[in-house]
S.K.: 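This is the structure, below, for whatever I ask next.
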Amino acid sequence: MDSIIAAFMTMTIALSQGTEADILFAGDAMMHTGQIEAAARGNGNYDYSYCFEALKPYISSADYAVVNLETPVAAGRPSGYPQFNAPVSYPVALADAGFDLFLTANNHTLDRRDAGLKRTIAVLDSLNLSHIGTYTDSTERASRIPFIVGIKGFKVGFLNYTYGTNGFSVSSDAKVDYINSDRIRADVAAARRRGAEIIVAAMHWGEEYTLTPVQSEKRWAKLLEDEGVDIVMGGHPHVVQPMELRTGRKSGRPFFLTYSHGNFISNMMTRDTRGGLLTRVTLARDSIGHAYVKSAAYKLVFTVPPTNASFKPELTSGRRPASERYNFARENYAVLPADSVPAAWRAQANAFIAATTSTFRTHNVGPIPPE
């Protein structure tokens, strides 16, 4: 009888903690030279606040938002490709836009070597920003992982791994979470033991600029699915790849997979690299209180450069009228809804929407509507 009462109380508490919660996922937040130059305000100050202004209400409307910080925030001068380094104001602006969790395991993690990795962690800690993927040492990793957060009563575990770090290796006690089957299995099991009802794996994987997943992505996605991961958030190809929302083959639970969210913001030049994907996943509880992925939806976004960016042929014919400039008072990059860009970029944005929609129509699995 006591066990029945305890089970009933557990179910009652679970049901009372919240009926639904939304998690938003964004792609790669890059830091190219053009972005640094556009944000420069003199005396070593950089302002990125305008970059995310148009999407701030949408990002902030989610109960929890995740972004891949694909740059160190190290000491010294900011720098772009091939070895990135962002000013402290960059993660500040991303946090102000509504992002709650910063992913740091990616191929640019060691661009400024171990010192840059450790300073990035110190900066994020000083700003009181949650982050996973890299760690100052094994002790810190053990204290952070599994990373489990309460989101409107749902206990959600987050994990983050990268395929590599551009040939650089750690030379100290710093830790990078590389994609490794034994590590993944151990981390998923630990998250479940710690009470995670939903597990999210953020994977930095695949081949750059390919519009459909390569075999390595599919192989790792299968392992994650078989281990009972509920949500897979993919990044690194710098272009949008397909999504799947279906029943897990082994778990029997709803399983959501995005192979690549593309770039959230960058100074890459092609149609597909200027565009990106935001996904919103809704969690719910069934009749006995078990958490599950209820639904998923997406929004396409597009990065527009400053109106005075003379390196873009599309802008050499003159500046846009003020009515079409989205108040570029500071002449900076801006991430906008892909269907709401200024006229000078509308043709390229529409081509991105058409190409991505065609990819989704051909390769997506399950009902994943646009928002």
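All values below were derived from every heavy atom in this structure, side-chain atoms included, with hydrogens, water molecules and symmetry-related copies excluded. We number each residue from 1, following the sequence as shown.
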S.K.: Just by distance, with hydrogens left out, do Y292 and D286 show a side-chain donor and acceptor under 3.5 Å apart?
M.R.: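 D286 and Y292 do not have a side-chain donor-acceptor pair below 3.5 Å.
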S.K.: State, yes or no, whether a side-chain contact exists between M269 and R274 at a heavy-atom distance under 4.5 Å.
M.R.: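 They are in side-chain contact.
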S.K.: Taking the six-membered ring for Trp, is the centroid-to-centroid distance between F52 and F99 below 6.0 Å?
M.R.: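 Judged by ring-centre distance (under 6.0 Å), F52 and F99 do not meet the cut-off.
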S.K.: Using side-chain hydrogen bond (donor to acceptor under 3.5 Å, both in side chains), reason through T270 and D272 one step at a time and then give a plain yes or no.
M.R.: CA-CA 6 Å; T270 67; D272 295 319; 5.7 Å; no
S.K.: Test your reading of the model: is there a side-chain donor-acceptor pair from N85 to the backbone of S79, 3.5 Å cut-off?
M.R.: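 No, N85 side chain to S79 backbone: no donor-acceptor pair under 3.5 Å.
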S.K.: Can any side-chain N or O of R192 pair as donor or acceptor with the backbone N or O of E197 at less than 3.5 Å?
M.R.: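 Indeed, once roles are kept as given, a pair shorter than 3.5 Å links the two residues.
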S.K.: Donor-acceptor pair, R246 side chain versus F255 backbone, under 3.5 Å?
M.R.: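 Between the backbone of F255 and the side chain of R246 there is no qualifying donor-acceptor contact (under 3.5 Å).
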S.K.: Do L117 and L129 land in one hydrophobic cluster if side-chain heavy atoms of ILVMFWY residues count as linked below 4.5 Å?
M.R.: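 No; tracing contacts between hydrophobic side chains, which count when under 4.5 Å, never links both residues.
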S.K.: Identify whether the distance between the nearest side-chain nitrogen and carboxylate oxygen of D177 and R183 falls below 4.0 Å.
M.R.: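 Looking at R183 together with D177, the answer is no, because their closest N to O distance does not fall below 4.0 Å.
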S.K.: If I compare all heavy atoms of A202 with all of L103, which pair ends up nearest, and what's the gap?
M.R.: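 So the two residues come closest at CB-CD1, 3.5 Å.
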S.K.: Going hydrophobic residue to hydrophobic residue with side-chain gaps under 4.5 angstrom, can you get from Y135 over to L110?
M.R.: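 No.
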S.K.: Do D22 side-chain atoms and D63 backbone N/O form a donor-acceptor pair below 3.5 Å?
M.R.: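 Not confirmed, D22 side chain does not pair with D63 backbone.
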S.K.: Is there a donor-acceptor contact under 3.5 Å linking the side chains of T210 and Q241?
M.R.: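 T210 vs Q241: donor-acceptor pair found between side chains.
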S.K.: Quick check: closest heavy atoms across T71 and A29, and the distance to 0.1 Å?
M.R.: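 Closest heavy-atom pair between T71 and A29: CG2-O, 4.4 Å.
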S.K.: Between F154 and Y64, is the ring centre distance below 6.0 Å?
M.R.: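 Ring centres of Y64 and F154 not closer than 6.0 Å.
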S.K.: Going by the angle between their ring planes, with limits at 30° and 60°, are H32 and Y81 parallel, tilted or perpendicular?
M.R.: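 Correct class here is tilted.
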S.K.: Apply the salt bridge (Lys or Arg N to Asp or Glu O under 4.0 Å) test between E225 and each candidate in R219, R253, K218, R249; give the one that qualifies.
M.R.: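 Single pass found, and it is R249.
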S.K.: Are the side chain of D114 and the backbone N or O of S172 linked by a donor-acceptor pair below 3.5 Å?
M.R.: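 Judged by distance alone, yes, a pair lies under 3.5 Å.
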S.K.: How about I353 and D339: do any of their side-chain heavy atoms sit closer than 4.5 Å?
M.R.: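 When only atoms from C-beta onward are counted, D339 and I353 do touch, with a gap below 4.5 Å.
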S.K.: V200 and L159: same hydrophobic cluster, using ILVMFWY side-chain contacts below 4.5 Å?
M.R.: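 Looking at the clustering, L159 is in the same group as V200.
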S.K.: For T109 and T104, indicate whether the former's side chain and the latter's backbone hold a donor-acceptor pair under 3.5 Å.
M.R.: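 Answer holds: yes.
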S.K.: Using distance alone, with no hydrogens and no angle criterion, decide if Y178 and T165 have a side-chain donor and acceptor under 3.5 Å apart.
M.R.: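 Yes, because at least one side-chain N or O of Y178 sits under 3.5 Å from a partner of the opposite role on T165.
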S.K.: Can you confirm whether N45 is buried at CG, in the sense that more than 12 heavy atoms of other residues, nucleotides or ligands lie under 6.0 Å from that atom?
M.R.: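 Yes, because the 6.0 Å sphere around CG of N45 holds more than 12 heavy atoms from other groups.
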S.K.: As an exercise, state the distance from CZ of R271 to CH2 of W345, rounded to the nearest 0.5 Å.
M.R.: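 That separation rounds to 13.5 Å.
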S.K.: Find the distance between NZ (K152) and CD1 (I23) and round it off to the nearest 0.5 Å.
M.R.: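 So the NZ of K152 and the CD1 of I23 are separated by 11.5 Å.
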S.K.: Under a 3.5 Å distance rule, please check whether S260 uses its side chain to pair with a backbone N or O of V239 as donor and acceptor.
M.R.: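 Such a contact is found between S260 side chain and V239 backbone.
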S.K.: Pair D28, N106 - check side-chain hydrogen bond (donor to acceptor under 3.5 Å, both in side chains), show working.
M.R.: CA-CA 9 Å; D28 303 333; N106 55 65; over 6 Å; no
S.K.: Is there a side-chain contact between S181 and L223, using heavy atoms and a 4.5 Å cut-off?
M.R.: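 Side chain of S181 against side chain of L223, heavy atoms only: contact under 4.5 Å found.
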S.K.: Hydrophobic clustering (ILVMFWY, side-chain heavy atoms < 4.5 Å, transitive) - are I184 and V176 grouped together?
M.R.: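 No, no single cluster joins them.
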S.K.: Of all heavy-atom pairs between Q35 and Y48, which one has the smallest distance, and what is that distance?
M.R.: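 Looking at all heavy atoms of both residues, the closest pair is O-CE2, 3.7 Å.
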S.K.: What's the verdict on salt bridge (charged side-chain N to carboxylate O under 4.0 Å, His left out) for K299 and E371, showing C-alpha distance, side-chain angles and the deciding distance?
M.R.: CA-CA 6 Å; K299 178 181 287 292; E371 284 194 323; over 6 Å; no
S.K.: Does N364 reach the main-chain N or O of P242 with its side chain, forming a donor-acceptor pair under 3.5 Å?
M.R.: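 Not confirmed, N364 side chain does not pair with P242 backbone.
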S.K.: Using every non-hydrogen atom in the two residues, find where T273 and S266 come nearest and quote the distance to one decimal.
M.R.: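 Shortest heavy-atom separation between T273 and S266 comes out as O-OG, 3.7 Å.
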S.K.: Indicate yes or no: does K56 engage D96 in a salt bridge with an N to O separation below 4.0 Å.
M.R.: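 Result for this pair is yes, salt bridge flagged.
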S.K.: So, D173 and K118, do they make that salt bridge, N to O below 4.0 Å?
M.R.: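 Yes, D173 and K118 are salt-bridged.
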S.K.: Closest heavy-atom contact between N332 and C51?
M.R.: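 Shortest heavy-atom contact: OD1-SG, 3.6 Å.
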S.K.: Locate the shortest heavy-atom distance separating P87 from P91; write the atom from each residue and the value.
M.R.: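 Heavy atoms of P87 and P91 come nearest at O-CD, 3.4 Å.
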S.K.: Quick one: do F158 and V188 end up in the same hydrophobic cluster if we chain Ile, Leu, Val, Met, Phe, Trp and Tyr together by side-chain heavy atoms under 4.5 Å apart?
M.R.: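 As far as the 4.5 Å side-chain criterion goes, V188 and F158 are connected within one cluster.
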S.K.: Counting N and O atoms only, with roles assigned by atom type, does the side chain of T362 sit under 3.5 Å from a partner on the main chain of S358, one being a donor and the other an acceptor?
M.R.: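 Confirmed, T362 side chain pairs with S358 backbone.
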S.K.: Determine which pairs satisfy ring-ring contact (aromatic ring centres under 6.0 Å, His included) with at least one residue from residues 179-229, sequence neighbours left out, and list them in order.
M.R.: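 Sorted pair list: H204-H236.
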S.K.: Hey, is the main chain of A97 close enough, under 3.5 Å, to the side chain of S60 for a donor-acceptor pair?
M.R.: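 Pair found, side chain donor or acceptor close to backbone of A97.
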S.K.: If you measure from NE2 on H108 to CZ on F168, what distance do you get to the nearest 0.5 Å?
M.R.: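 Between atom NE2 of H108 and atom CZ of F168 there are 10.0 Å.
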S.K.: For the rings on Y90 and F84, is their centre-to-centre separation under 6.0 Å?
M.R.: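 Ring-ring flag for Y90/F84: false, centres at least 6.0 Å apart.
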